[in-house]
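Single-structure report; data block below.
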2 protein chains.
Amino acid sequence: MPIRRLGQHVGEVVTVRGWVTHLRSSGKVAFVVARDGHGSVQAVLVKADVTPETWDVFARLTQESAVALTGTVRADARAPGGFELQLRDLTLTGPSPVDYPIQPKEHGVDFLLDHRHLWLRSARQAAILRVRSEIEQGIHDFFYARDFVRVDTPILTAAIGERSGLFSTAYFDEGEAYLAQTGQLYGEAAAAALGRIYTFGPTFRAEKSKTRRHLAEFWMIEPEVAFADSADNMRLQESLVVELVARVLDRRRPELEELERDAGALERVVAPFPRIEYTDAVRTLQSRGSNITWGDDLGAEDEALLVAGAERPVFVCNYPKEAKAFYMKENPADPRTVLCDDCLAPEGYGEIIGGSQREDDHDKLEQRIRAEGLPLDAYQWYLDLRRYGTFVHSGFGLGLERTIAWICGLQHLREAIPFPRMMNRLRP
Amino acid sequence: MPIRRLGQHVGEVVTVRGWVTHLRSSGKVAFVVARDGHGSVQAVLVKADVTPETWDVFARLTQESAVALTGTVRADARAPGGFELQLRDLTLTGPSPVDYPIQPKEHGVDFLLDHRHLWLRSARQAAILRVRSEIEQGIHDFFYARDFVRVDTPILTAAIGERSGLFSTAYFDEGEAYLAQTGQLYGEAAAAALGRIYTFGPTFRAEKSKTRRHLAEFWMIEPEVAFADSADNMRLQESLVVELVARVLDRRRPELEELERDAGALERVVAPFPRIEYTDAVRTLQSRGSNITWGDDLGAEDEALLVAGAERPVFVCNYPKEAKAFYMKENPADPRTVLCDDCLAPEGYGEIIGGSQREDDHDKLEQRIRAEGLPLDAYQWYLDLRRYGTFVHSGFGLGLERTIAWICGLQHLREAIPFPRMMNRLRP
């Protein structure tokens, strides 16, 4: 019987299986709190009501013991979850020695990460992972409802020029393969076949970066839409972010409470999000004391300064060409810039999405590839998309862990993924 | 206007954007068939009804030209899809030279794979990818409805002993990292935290195998359920497979028709699937002429022979310990065997799922790790799951591409994934 379903069985005798989190005894009455991964329940053992053998089991329980709890479900407003179990039987199915590494005291983060396989059992970490899963399902449902086809782009890819931060591996007799940093180029090919697609998979950066905003392995969602321009693209991003936040508020309230997340801040995330042109953003930043000059990309500090006080995410759009990737479409209204956007989360969380209209002019794209010193040969297949029936199209990449960190209110991305991979962290 | 929605706009003037697939003209009336990734529509251009400029556009159209078609939607039972467009305007938005590589003739598979970015546009390949996406959403919906938490296990992992077929990459100062062949061990840790979980991600095999049943990069779905035994495990697998097949039949009929898939064979996939003990399977195989002896794993030929004539998938369960992985639970009824199952698809498709109850006895598991010569050190975190509150649990791995190949009726896994990776195939 899953603990979350106890409310449907008040008055019945049921068996719950789970792990002990708290123990307490007065000598005549004992309390066992157990979790089963979805919920937590308090079980009451009255010495006078059970056999001596059952009463003796209690003394052998420890934190993380696996138990079977059999008893009557009672509604009790004071109990966590609103229900408790009046035990008639208690079985220790999986003992746990008293040296369980994670105790209810403060541990250093390295110690916790070394024990990530056990740390996941803590209420806070489990809550984050349930929110992560809810967001993931929310993403799939969002795109499915809009007739997007999910497309799994390859992780192992051939060289596309000297780029930094790539993991590489020997690939049979084909030379080196590189772990994908993005599925976008493949997604664009698929958009020409399927109209509107999205990718959902791990991406990799071998960057020697130790900030709280970087992981070596993280998940990205990359939609690509045929016949959509940059304005359509921002509307799609806005709809997605609004729907994800609303869904977590609707379905994961207990987890947000466990995380002590300010739900009010999330409730204010509604459309429309402000759109600020890069050129205007630079002026605003300068007026707020930043040293930024036109042409620079926005650093994390500039992002925070720009969004300070905003209650919704903010789009900064149409950056200088030089600050952005070669595949972004030149802005007809100002050819120094490209049609693109970064979506910056409020509360200092910064960029969660980067998007752009793609350059659909074959010759301009080829020129950009040459100008960046990329090997034209490796991009011929990508240029084919502009050679054969080129089309206006746009897409974006949403960083899953950044989105989770923002929605959960986490200080560091390492808690937003089950087993984080960082520069000095490959285990467990 | 998406082509699939034309039926809701009969009598209205709409604009459809897409790519030309067929052209035909009588000199006074011209026909353009275009696809937009979700559907296909025939547009009729009557010379007498349009401007000379619009009529002249037709002559410039080629296969894969991107076009905007503006006209009145008409119901026409003879037209593909049931509707056609009576054009009043025709715009060529993205020309396509006549040398489009994929012509309506037979191409060799190497040529097609070299042009996979364009091959995806063909009706057959697009249909497969839509079925793939439907199956993926079906998997997420199946587990979400059953309160599973999705858990993304790491791709980059530390060494867990000398295993063959691993891709490796330098990982900062931490030595070599290996691309995961499975997320199962991590999934087991997460099941102790979250009760019931599933993984959904790419896995990797650097095996020098060129069969039609192998890819170097493929996707696996790996559920892991706390307090579930081997019988529960098979029921879960059965429910999943039945639901996925029914969903594709319900929602992707046009794609199955495009693929010329025998839908009748899929309609017969209902529960219960037969369960055959390995020991009985060996006897059956021997009676059918196989040379198999007790203790051997089943090869692809044995699988086909065993399932020959079956209309539903078949579970073969409880294999000899030596034929299976170290983490499977010893069968109390016959300790030479382990509590496990392979789910074999009918029509010769063979194994699509492998599952087992996991060894939950710490000492027996440690003994198996030693017996297989694996480095105990690397498995200490995994042994922790049996040290602290061990629990009966089971799980399985479903091969996504094998499942797709079976449901779509494909001869080779390479068509079941957007950009296949094989021994000699890393591009595009």
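Just so we're on the same page: letters track the sequence lines, and every chain starts at 1. When reading the values below, keep in mind they use all heavy atoms of this one structure, side chains included, and skip hydrogens, waters and symmetry mates. Quantities reported herein were computed from a predicted structural model and do not represent experimental measurements.
With a 4.5 angstrom heavy-atom cutoff, W119(B) does not touch chain A via any of its atoms. Of the two parts of R386(A), neither the backbone nor the side chain holds a non-hydrogen atom closer than 4.5 Å to a non-hydrogen atom of chain B. For P202(B), the part lying near chain A is the side chain, with the backbone staying farther off; criterion is any non-hydrogen pair under 4.5 Å. Looking at A170(B), the atoms closer than 4.5 Å to chain A (heavy atoms on both sides) all sit in the backbone: N, CA, C or O.
For the set D36(A), L156(A), T153(A), the count of heavy-atom pairs under 4.5 angstrom toward chain B peaks at L156(A). The most heavy-atom pairs under 4.5 Å with chain B, out of T62(A), L120(A), V151(A), L185(A), come from L120(A). Of all the listed residues (D147(B), D141(B), D114(B), D99(B)), the one sharing the greatest number of non-hydrogen pairs under 4.5 Å with chain A is D147(B). Per-residue heavy-atom pair counts under 4.5 Å with chain A were compared for A66(B), A226(B), A158(B), A126(B), and the maximum is reached by A158(B). Taking chain A as the reference chain and counting heavy-atom pairs below 4.5 Å, the highest number among R116(B), R132(B), Q125(B) is found for R132(B). Counting heavy-atom pairs closer than 4.5 Å to chain B, the top residue among M422(A), H362(A), R425(A) is M422(A). With chain B as the partner, the residue from R17(A), Q137(A), Q380(A), R121(A) showing the most heavy-atom pairs under 4.5 Å is Q137(A). With respect to chain A, the highest number of heavy-atom pairs below 4.5 Å among T93(B), L118(B), V67(B) belongs to L118(B). Comparing E176(B), E64(B), E174(B) by how many heavy-atom pairs each has under 4.5 Å with chain A, the most go to E174(B). Comparing A192(A), S168(A), P418(A), P428(A) by how many heavy-atom pairs each has under 4.5 Å with chain B, the most go to A192(A). Of the listed residues (A378(B), G175(B), P101(B)), the greatest number of heavy-atom pairs within a distance under 4.5 Å of chain A belongs to P101(B). Contact tally against chain B (heavy-atom pairs below 4.5 Å) for L92(A), L129(A), T390(A): the top residue is T390(A).
Here the side chain of R150(A) pairs no donor or acceptor atom with the backbone of E136(B) at under 3.5 angstrom.
At least one side-chain heavy atom of L179(A) sits less than 4.5 Å from a side-chain heavy atom of L179(B). Between V149(B) and E134(A), every side-chain heavy-atom pair lies at or beyond the 4.5 Å cut-off. Between N424(A) and F172(B), every side-chain heavy-atom pair lies at or beyond the 4.5 Å cut-off. Side-chain contact between R387(B) and S96(A) is absent, with no heavy atoms from C-beta onward closer than 4.5 Å.
Aromatic pair F200(A)/F200(B): centroids not less than 6.0 angstrom apart. In summary, the aromatic rings of W19(B) and Y388(A) are positioned with their centroids too far apart to meet the 6.0 Å limit.
Both the sub-6.0 Å distance and the 45° axial angle are satisfied by R247(A) relative to the ring of Y144(B).
With H117(B) as the fixed residue, the ring pair (Phe, Tyr, Trp, His ring centres under 6.0 Å) test singles out one of W381(A), Y379(A), Y186(A): W381(A).
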